[in-house]
Amino acid sequence: MNKNTIEWIIIGIIFVIIITVAFYMGQLLWGVGAIAIVFWLFMLSDCLQRSTEKFPRAGEYEKLIWSIVLIFLNFIGAILYYYMVKLQDNTIKISEDSTY
């Protein structure tokens, strides 16, 4: 084999490796995206089903504000909702249960 043929074989092998890695990375990104969408939907449904008295600040428009945040900020809003509302509600329940 001459040098030109070996170079084309090496370029072909590199090209196949790049395509294979890109394909599996694409599948990984689709999986991460699907998990983010499911998490967002769970937080949105929790917000819409939660009564206004069960929000930490229990304001008149608290549910509306969080719904707007979740709709417009999507995954970032879901993370904020999880830490600022859902976890606060769980810690309040745990502290009430431990007093008995």
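Source: prediction; values computed, not measured. Both backbone and side-chain heavy atoms feed into the values below; hydrogens, waters and symmetry mates do not.
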Notebook entry, point to check: Between Y81 and W66, does the ring centre distance come in under 6.0 Å?
Noted result: yes

Checklist line | Student check: side-chain heavy atoms of S67 and L48 closer than 4.5 Å | finding: yes

Checklist line | Spacing of CD1 belonging to I19 relative to CD1 belonging to I14, to within rounding of 0.5 Å | finding: 13.0 Å

Margin query: Quick check on the hydrophobic clustering: are I18 and I10 connected, directly or via other members, by side-chain heavy-atom contacts under 4.5 Å?
Written below: yes

Notebook entry, point to check: From N74 CG over to I79 CD1, what is the distance, rounded to the nearest 0.5 angstrom?
Noted result: 11.0 Å

Next item on the list: Identify whether F42 and Y83 are in the same connected component of the hydrophobic contact network (ILVMFWY, side-chain heavy atoms under 4.5 Å).
Entry: yes

Check: Is it true that a side-chain atom of K63 and a backbone atom of S51 form a donor plus acceptor pair closer than 3.5 Å?
Finding: no

Item checked: Atom pair NZ (K54) and SG (C47), whose distance is rounded to the nearest 0.5 Å -> 13.5 Å

Next item on the list: Could you tell me which non-hydrogen atom of P56 sits nearest to which non-hydrogen atom of Q88, and how far apart they are?
Entry: CG-CB, 4.0 Å

Notebook entry, point to check: Passes side chain to side chain contact (heavy atoms under 4.5 Å, CB included), K86 versus R50? Steps please.
Noted result: CA-CA 10 Å; K86 189 105 167 123; R50 185 181 294 262; 4.0 Å; yes

Next item on the list: Determine whether Y82 and I35 fall in the same hydrophobic cluster, where Ile, Leu, Val, Met, Phe, Trp and Tyr are linked whenever their side-chain heavy atoms lie under 4.5 Å apart.
Entry: no

Note to self: Quick check for you: to the nearest 0.5 Å, what is the distance between L64 atom CG and T52 atom OG1?
What the structure shows: 11.5 Å

Notebook entry, point to check: Roughly how far, to the nearest 0.5 Å, is the CH2 atom of W40 from the CG atom of L70?
Noted result: 8.0 Å

Check: Quick one: CG on L44 to CD on Q49, what's the gap to the nearest 0.5 Å?
Finding: 9.5 Å

Margin query: Are I65 and F72 connected into the same hydrophobic cluster when the rule is that any two of I, L, V, M, F, W, Y join if their side-chain heavy atoms are below 4.5 Å apart?
Written below: yes

Check: Is it true that I9 and I17 fall in one hydrophobic cluster, defined by side-chain heavy atoms closer than 4.5 Å?
Finding: yes

